[in-house]
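Heads up, the thing below is written out as structure tokens.
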Amino acid sequence: MRFTLKAALTAALLAVPGANALATTITIATVNNNDMVVMQKLSKQWEQETGNKIKWVVLEENVLRQRVTTDIATHGGQFDIVTIGSYEAPIWAKRGWLVKLNDFPASYDYNDLLPPVRAALTVNGTMYAAPFYAESSFTMYRKDLFEKAGLTMPDQPTYAQIEQFADKLTDKSKQQYGICLRGKPGWGENMAYLGTLVNTYGGRWFDGHWQPQLTSQPWEDAINFYVNLMKKDGPPGAASDGFNEAEALFATGHCAIWIDSTVAAGMLDDPKQSQVAGEVGFAKAPVAVTNHGAAWQWIWSLAIPSSSRHEKTAKSFIAWATSAQYVDLVGKTDGWGVAPPGTRTSTYENPDYLKAAPFANEVLSAIDSADPQHPTLQPVPYTGIQFVAIAPFQQIGTTVGQDIAGALSGDTSVSAALQSAQDSTTAAMQQAGYLN
Amino acid sequence: MRSSPLQKFIVAVLGWTVALLMFFPVAWMVLTSFKTEIDAVHSPPLLVFHPTLANFTHVIYLGNYLGALTNSVAISLGSTVLGLLIAMPAAYAMAFFPNRWTKDLLLWMLSTKMMPAVGVLMPIYLLCQRSGLLDTLSGLILVMMLSNLPIIVWMLYTFFKEVPGDIIEASRMDGAGVLAQLRVVLLPLAGPGIASTALLSIILSWNEAFWSINLTSVNAAPLTAFIATFSAPEGLFWAKLSAASTLAVAPILIFGWMTQRQLVRGLTFGAVK
């Protein structure tokens, strides 16, 4: 009797015209940043169009990574869509944790995605995560200060030039510092920048047999350069400066040069967020010995965990949120200056975007030039520019970052810090089974 | 010995200095929540600025403040009531009928608080997941209660020890059962202590972030998870984060102010013999 009643009720519900019998609620776990805030706001349009609903779980990047990893590894199925970076995408795809995203409708136009971005999210010819926005690194500088000092920033400066400029523009009595760089320890903090610095000095994390190379000459040269430069021309307490702290220093007029993520460009050019809007110039990431890996590549992308119970609806949302039409929607509703950068060729062919984002060409060229498949001068067994796409890297990167932050704050010497980093990396690689 | 006016003055100045130093971060957070993002990072820091409510509007619009507030209230009250129900009989037995294992048992209970929570994250997570308690209020109430139980038992034990055993014994000789002893004798005598234990448990549960963030996603997320929503390594969200934090601490701060007399009385209960 109970069964009959249930069946009758279900049938009645399905029969009601317009009833959202297929409406689904999906849960999206994402990071908190400007682009994601805009997506959260505009997603109401997708909800209206499809009748589906979204529940958001917004967390700080590292907390999100831990939550999502726990959920996927234990097949929790709490999330239908997760925001992941280009570090996780290949590792998780190889473990079978992600759903293939190679069957979006034709209107999605896979070929419009920037080739290096698409390649970074593809494993064995299949895309496992759809790019939401991408960033690289470049040089930001104060045009007014350069002009006043009679200096000209080349299109692609060398690190020797950066040091000269920083020396000249430092005036500690006015709290004006020639250079601001990340110093806060963490694989995604100071090591993101330092990874590119070591690359351009000709260094690498591991040789072809996964032997750590942290005491090699390029590492010594790069880290000595960094520590000396920051001590001479950097702000006080730089060992606790991450992206946000450096951005705050630059935006309030305390830095002449800042080498960091291309996402900073939009913020520094916005008078609501920056006191130096309109005075910021952009150049390529500096080089030392080689061009290889001088600028990083990071992609925030949307992926579906294989434990998701609403795969079809999740795919429909990702196809919408990472489409060219979505970029268009952001441009029209929130302004072209905040359109998600670095993912599609069509964005950089759009005159409205190019007009609103004077830094667009520099960003595109930085992203285009980043080649995670060949990140270093000498051959390496890994991919990734400012990271090594292997599971133990988070721990290794953070430990090495702490050693170098110790050298920056003067607690230890550079060579002692690198020796300690070499020892801990060797131990971690042995534990992970890469070394005997 | 009576203290001289100068001594009183020095003590008052010291007291105020310490109080202001401790309150400064909270006051600065509230001040920052009314600033724009650029004013929030202004160097030197701004004391005079054009206040805005935009951060509050933003966090209430994007985050589920009311839902998180309701969850926080339910979790902190639920875990406290459940904790007291379990801890009172335990503390009663340990205080009035101690045996040779009582001290060891108490120390062992407290030692569980010395282990970092992350050490048991995976087992607790899996237990919650397999029993369907992940992202549920009941799951979080249970975990919060277990996490605070050692402190609740310890505090109640200390307060109960202050009650002379003779009184309990006399009531027992008059025919009072265990429940009657608790209700008629112990509750009135150790009332302030029980109240301050309850208040402390509420505050601890309210402020707990590790389990709240790891065991909830959307349905049972309390205010600590709500604050975590506005933290970001790339992008200036300090004013918004301050607004979210202000909204999250305001209820418990007001609650603390309202109950501070009981809280202080309970915490110093039996301190001077």
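We name chains A, B, ... by the order of the sequence lines, and we start the count at 1 in each one.
B/W238 CH2 to A/N244 CG: the interatomic distance, rounded to the nearest 0.5 Å, is 5.0 Å. Interatomic distance, OG of A/S261 versus CZ of A/R182, reported as 6.5 Å (0.5 Å rounding).
Using a 4.5 Å cut-off between heavy atoms, A/K184 does not touch chain B at all. Interface remark: B/N219 contributes side-chain atoms only to the contact with chain A (heavy atom separation under 4.5 Å). Only the side chain of B/Y61 comes within contact range of chain A, with at least one heavy atom under 4.5 Å from a heavy atom of that chain. Contact of B/S231 with chain A is made through backbone and side chain together, with heavy-atom distances under 4.5 Å.
Between B/H58 and B/F230, the ring planes lie perpendicular to each other; the angle is over 60°, past the 30° to 60° tilted range. Using cut-offs of 30° and 60° for the angle between ring planes, the B/F23 and B/W257 rings count as tilted. Using cut-offs of 30° and 60° for the angle between ring planes, the A/W187 and A/W298 rings count as perpendicular.
No donor-acceptor pair under 3.5 Å is formed between the side chain of A/S301 and the backbone N or O of A/G85. Between the side chain of A/K41 and the backbone N or O of A/D334 there is no donor-acceptor pair closer than 3.5 Å.
For residues 109-141 of chain B, the interface with chain A (any heavy-atom pair closer than 4.5 Å) comprises B/L121, B/M122, B/Y125, B/L126, B/Q129, B/R130, B/L134, B/D135, sorted by residue number. Contact annotation for residues 58-67 of chain A against chain B (heavy-atom separation below 4.5 Å, listed by residue number): A/V58, A/L59, A/E60, A/E61, A/V63, A/Q66, A/R67.
Taking 4.0 Å as the cut-off between side-chain N and carboxylate O, B/E37 and A/K272 do not count as a salt-bridged pair.
The choice from A/V57, A/V263, A/T27, A/D260 that makes the most heavy-atom pairs within less than 4.5 Å of chain B is A/V57. The candidate with the highest count of non-hydrogen atom pairs below 4.5 Å against chain B, out of A/E189, A/Q78, A/Q175, A/H254, is A/Q78. Per-residue heavy-atom pair counts under 4.5 Å with chain A were compared for B/S217, B/G63, B/A225, B/A221, and the maximum is reached by B/S217.
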Would you check, one step at a time, whether the test side chain to side chain contact (heavy atoms under 4.5 Å, CB included) holds for B/E208 with B/T224?
-> CA-CA 7 Å; B/E208 204 286 330; B/T224 37; 5.7 Å; no

Which is it for A/M39 and A/L302 under the side chain to side chain contact (heavy atoms under 4.5 Å, CB included) test, yes or no, and what are the steps along the way?
-> CA-CA 12 Å; A/M39 176 172 80; A/L302 302 177; 4.2 Å; yes

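Just one of B/I152, B/T80, B/I151, B/N148 meets the side chain to side chain contact (heavy atoms under 4.5 Å, CB included) condition when paired with B/L200; it is B/I151.
Centroid-to-centroid, the aromatic rings of A/F387 and A/F393 stay 6.0 Å apart or farther. Ring centroid separation for the pair A/W258 and A/Y193 does not come in under the 6.0 Å cut-off.
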